[in-house]
Amino acid sequence: MVYFVEALKKTELENIHNLARSIWAEHYSRILTDGQIQYMVNNFQSTEAIQAQIKDGYRYFQIYSKDGSDKDDRLIGYFSFVQKNDSADDSTISKENPSLFLSKLYIEKTSRNQGIAKSVILYLKRIAQKMNWSSIWLTVNKQNTNSIQAYQKLGFKIYREDKVDIGRNYVMDDYYMKIGVDSSR
């Protein structure tokens, strides 16, 4: 069983930063250089960067696993989101209704392929429905084939691609994926 806890305390944000360092080093080592991984974690997932994002309206959640024993529940991942439309999306849906941007969804390796991402997406769909937001969108590295396939399995569709310079000659070469917010899935 998994459950989500919104991260608000500095120690919770530090835990997310530490988990990010571990997950990103494992997951992106075949896609990105060590230098880019460190740059991105330090600039986008440091405790200070997360605090700044929260001030800008982002919400961060910890994903915990409860195994049914008396042991402490274990932090296995995190996600963050904000109400934000894709400024380059010229579709009617994004112009008429706000969207939920899934900024981060990371799950440690030993906890993947257990339906946790599906639980997160269902949770976010409920939030989006309550807020009257029309869709959930995200960006994913074009080389991140496992994540792309997982998102497609959940109903996300690629609707555009882009390369974004993030500094120090590093580029994010991403697909943009979207799913409508309806109660059917």
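Just so it is clear, the structure is predicted and the values come from calculations on it, not from any experiment.
Between K10 and T47 there is a side-chain heavy-atom pair separated by less than 4.5 Å. Two residues are said to be in side-chain contact when any heavy atoms from C-beta on lie closer than 4.5 Å; K163 and M172 fail this criterion. Residues Y176 and I158 have side chains not in contact (no heavy-atom distance under 4.5 Å, counting atoms from C-beta outward). When side chains are defined from C-beta on, M177 does not count as touching I136, because their heavy atoms never get closer than 4.5 Å. Annotation: side chain of E14 is in contact with side chain of T11 (closest heavy-atom distance under 4.5 Å). Residues E161 and D174 are not in side-chain contact: their nearest non-hydrogen atoms beyond the backbone lie 4.5 Å or more apart. F4 is listed as a side-chain neighbour of S119, based on a closest heavy-atom distance under 4.5 Å. Looking at Q62 and L19, their side chains never come closer than 4.5 Å, going by heavy atoms from C-beta outward.
Contact between L105 and A117 at its shortest, heavy atoms only, is CD2-CB, 4.1 Å. The two residues V2 and I63 make their nearest non-hydrogen contact at CB-CG2, 4.3 Å. Of all the heavy atoms in L100 and L124, the pair that sits closest is CD1-O, 3.9 Å. Shown here for V140 and S147, the closest heavy-atom pair between the two residues is CG2-CB, 4.0 Å. In this structure, L102 and I121 approach most closely via the heavy-atom pair CD2-CD1, 3.8 Å. Taking every heavy atom of both residues into account, H17 and S46 meet most closely at ND1-CA, 3.3 Å.
Taking the centre of each ring, F61 and Y123 come in below the 6.0 Å mark.
In this model, no donor atom of one side chain and acceptor atom of the other lie less than 3.5 Å apart for Y28 and N141. With no hydrogens or angles considered, no side-chain donor-acceptor pair links H27 and N146 at under 3.5 Å. Side-chain contact check for Y78 and Q45: at least one donor-acceptor pair (N or O, by modelled atom type) lies under 3.5 Å.
No more than 12 heavy atoms of other residues, nucleotides or ligands lie within 6.0 Å of CG in N169, so this atom counts as exposed by the packing criterion. Residue-environment remark: CG (N42) exceeds the threshold of 12 foreign heavy atoms within 6.0 Å.
No path of Ile, Leu, Val, Met, Phe, Trp and Tyr side chains, each step under 4.5 Å between heavy atoms, connects L8 with V82, placing them in separate hydrophobic clusters. Residues V171 and L32 are members of separate hydrophobic clusters, defined by side-chain heavy-atom contacts under 4.5 angstrom among Ile, Leu, Val, Met, Phe, Trp and Tyr.
For the atom pair CZ of R74 and NZ of K66, the computed distance is 13.5 Å after rounding to the nearest 0.5 Å. Note that the OH atom of Y58 and the CD1 atom of I50 stand 12.5 Å from one another [nearest 0.5 Å]. A distance of 9.0 Å separates OH in Y106 from OG in S80, rounded to the nearest 0.5 Å. The CG atom of D73 sits 7.5 Å away from atom CE of M1, with the distance rounded to the nearest 0.5 Å. One finds the NZ atom of K142 at 13.5 Å from the CG atom of N144 (value rounded to the nearest 0.5 Å). A distance of 6.5 Å separates CD1 of I76 from CD1 of I107, quoted to the nearest 0.5 Å.
Checked options K130, M131, Q129; the residue passing with W133 is M131 (criterion: side-chain contact (heavy atoms from CB on, under 4.5 Å)).
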**Request:** Could you walk me through whether I16 and Y60 pass side chain to side chain contact (heavy atoms under 4.5 Å, CB included), step by step?
**Result:** CA-CA 9 Å; I16 288 174; Y60 271 79; 4.1 Å; yes
**Request:** Please assess S99 against K178 for the test side chain to side chain contact (heavy atoms under 4.5 Å, CB included), listing each intermediate value before the final yes or no.
**Result:** CA-CA 10 Å; S99 297; K178 183 189 299 187; 5.8 Å; no
**Message:** If you apply the rule side chain to side chain contact (heavy atoms under 4.5 Å, CB included), what do you find for K104 with F81, and how did you get there?
**Reply:** CA-CA 7 Å; K104 311 282 185 291; F81 70 91; over 6 Å; no
**Prompt:** Could you go step by step and tell me if Q143 and R30 meet the side chain to side chain contact (heavy atoms under 4.5 Å, CB included) rule?
**Reply:** CA-CA 9 Å; Q143 303 302 313; R30 61 183 173 72; 5.6 Å; no
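Between R160 and D86, at least one side-chain N (NZ, or NE/NH1/NH2) sits under 4.0 Å from a carboxylate O, which counts as a salt bridge. Contact check on R112 versus E26 returns a salt bridge, with a Lys/Arg side-chain nitrogen under 4.0 Å from an Asp/Glu carboxylate oxygen.
Aromatic ring orientation, Y151 versus F156: perpendicular (interplanar angle above 60°, classes split at 30° and 60°).
The stretch residues 32-54 participates, sequence neighbours left out, in these ring-ring contact (aromatic ring centres under 6.0 Å, His included) pairs: Y39-Y170.
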